[in-house]
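What follows is a single structure, written as structure tokens, with notes after it.
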Amino acid sequence: MTLGKRLKSHFLDRLLPDAVFQLSPAFLSGIRVSKKDGSVRGGFVLPLRERPLSPSFDRPNVTDLPVLEEAVAQGMKNLRLSSGSAALLVPEPSVRVFVLSVDSFPGTGKERDTFIRWRIGKQMPLIPDDARIDYAVTPGRGARKIIVAMARQTVVREYESLFEKAGLKPVLVTVPSLTLINMVGQAGPSNGILLNLEDETLTLLAVMDSGWALYRQKGVGASGGPEADERADNIVREAENTIRFLEDKEKKRIERLWVRTAVAAERPQLIDRLKDRIDLPLEPVVYEAPEAWSEAQKALLAPLVGQIL
């Protein structure tokens with residue numbers, strides 16, 4: 001199955017796999033899913049001190065295959081899983097995401113595919129020959145919003161092959177921000193921005209009037225160490241700039257900021273800085289998790305749970 005079909009299943013069919021895994025340069029995580037009721041039956045987080053991944057859209061991502069193979073084997077053992085289907089969450093920089101505004105949208109699949117490539121070409125003139133493109137469209141007629149995900153087949157196959165060799169069948173590939181968005185705004189329609197911090201990458205995904213409005217991705221450096229203050233300032237500055245840009249463009253006010261970081265230790269400082277400079281309600285990404293999970297585990301495993309909601 002191509003990346004496009006997998007991502008389309010994610011948006012439209014709400015595919016429920018036997019397990020969900022997330023790959024990051026810093027860790028491998030996973031959850032096991034009950035096919036009976038969709039509940040989480042277990043989860044794990046394995047630190048990857050060797051950093052065996054170098055996320056990229058157009059270059060090989062895997063830098064130390066044996067380390068990753070060992071981690072996947074250990075993760076499956078932790079989940080008591082020997083076979084089955086798996087959804088894969090790959091690093092944000094491995095996939096390009098676009099949000100498009102259109103006055104109208106073609107009615108047939110082939111025309112739509114051509115239209116999407118034409119629109120992406122305005123922002124990215126050189127689309128790779130092996131690009132796999134998927135999209136989802138807000139319902140209705142007339143002016144609509146389209147969210148597009150694009151990845152190179154060679155990159156996707158690196159991740160798929162890793163799990164296929166371990167005995168699993170990858171049935172879906174996506175990125176954390178596109179699963180986390182399922183977990184926010186559940187109380188009703190809201191104009192807000194999801195701020196997601198994964199390793200060295202910040203993503204900002206905005207929704208307005210129950211539709212996508214903007215996606216931004218930026219490298220912000222490593223957490224901890226002497227550059228921690230600069231990293232925090234970069235994150236807050238990007239959030240400020242995104243809010244101003246979106247409000248100017250859409251002529252609507254952003255009502256809230258949902259914040260999730262994979263590095264639990266830096267969350268208090270980040271929240272304090274955001275509160276000092278951004279006059280918006282700040283809300284965590286919350287969900288019902290197994291009682292045994294710590295707050296750090298909840299933060300790390302949130303994107304995986306978001307896939308099965």
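Just so you know, these numbers come straight off a predicted model, no measurement behind them. What you see below is based on every heavy atom in this structure, not just the backbone, and it leaves out hydrogens, waters and symmetry mates.
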### Query
After noting the C-alpha distance and the side-chain angles of V102 and R144, does the key distance pass the side chain to side chain contact (heavy atoms under 4.5 Å, CB included) rule?
CA-CA 5 Å; V102 299; R144 301 161 82 178; 4.2 Å; yes

### Message
Run S56 and N61 through side-chain hydrogen bond (donor to acceptor under 3.5 Å, both in side chains) and show every step you take.
### Response
CA-CA 6 Å; S56 172; N61 282 211; 4.9 Å; no

### Message
Determine whether K218 and T201 satisfy the following criterion, side-chain hydrogen bond (donor to acceptor under 3.5 Å, both in side chains), listing intermediate values before the conclusion.
### Response
CA-CA 6 Å; K218 183 178 177 65; T201 304; over 6 Å; no

### Task
Would you check, one step at a time, whether the test side-chain hydrogen bond (donor to acceptor under 3.5 Å, both in side chains) holds for N241 with R244?
CA-CA 5 Å; N241 292 341; R244 284 196 295 267; 2.6 Å; yes

### Task
Show your reasoning for whether side chain to side chain contact (heavy atoms under 4.5 Å, CB included) applies to E92 and N196.
CA-CA 10 Å; E92 299 275 346; N196 182 42; 4.2 Å; yes

### Task
Evaluate side-chain hydrogen bond (donor to acceptor under 3.5 Å, both in side chains) for E266 paired with T261, printing each intermediate quantity in order.
CA-CA 8 Å; E266 72 179 343; T261 172; 3.2 Å; yes

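With respect to the salt-bridge test (charged N to carboxylate O, under 4.0 angstrom), the residues D130 and R157 do not qualify. At a threshold of 4.0 Å, the pair R267-E295 does not count as salt-bridged, since none of the basic side-chain nitrogens sits closer than that to a carboxylate oxygen. A salt bridge is defined here as a Lys NZ or Arg NE, NH1 or NH2 lying under 4.0 Å from an Asp or Glu carboxylate O, and E158 with R152 fails to meet this definition. Contact check on R132 versus E160 returns no salt bridge, with no Lys/Arg side-chain nitrogen under 4.0 Å from an Asp/Glu carboxylate oxygen.
The structure places CG of L205 at 8.0 Å from CG of L214, a figure rounded to the nearest 0.5 Å. Here I146 contributes atom CD1 and F98 contributes atom CZ; the two are 12.5 Å apart, rounded to the nearest 0.5 Å. Here OG1 of T203 is found 11.5 Å from CD1 of I193. Values are rounded to the nearest 0.5 Å. Here S39 contributes atom OG and I31 contributes atom CD1; the two are 10.0 Å apart, rounded to the nearest 0.5 Å.
A distance-only check finds no donor-acceptor pair linking the side chain of T174 to the backbone of L89 [under 3.5 Å]. The backbone N or O of S294 sits less than 3.5 Å from a side-chain atom of Q297, completing a donor-acceptor pair. Within the 3.5 Å criterion, the main-chain N or O of E247 finds no donor-acceptor partner in the side chain of R253.
In the hydrophobic cluster analysis, where Ile, Leu, Val, Met, Phe, Trp and Tyr join through side-chain heavy atoms closer than 4.5 angstrom, L194 is grouped apart from V263.
Every residue meeting the side-chain contact (heavy atoms from CB on, under 4.5 Å) condition with Q269, not counting sequence neighbours, appears here in chain and number order: D229, R273. Every residue meeting the side-chain contact (heavy atoms from CB on, under 4.5 Å) condition with R277, not counting sequence neighbours, appears here in chain and number order: D233, V236, R237, E240.
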Identify every side-chain donor-acceptor pair in residues 76-83 under 3.5 Å, counting partners at least two apart or on other chains, and give the distances.
from : atom 1 : to  : atom 2 : distance (Å)
N78  : OD1    : Q74 : NE2    : 2.8

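Figure legend: R216 and F245 shown as a cation-pi pair, the cationic atom lying under 6.0 angstrom from the six-membered ring centre and within 45 degrees of its axis.
Crowding of E288 atom CD: a count of heavy atoms from other residues, nucleotides or ligands under 6.0 Å not exceeding 12. Remark: D37 CG is packed, more than 12 non-hydrogen atoms of other residues, nucleotides or ligands lying under 6.0 Å away.
Taking the six-membered ring for Trp and thresholds of 30 and 60 degrees, F21 and F163 have ring planes inclined between 30 and 60 degrees apart.
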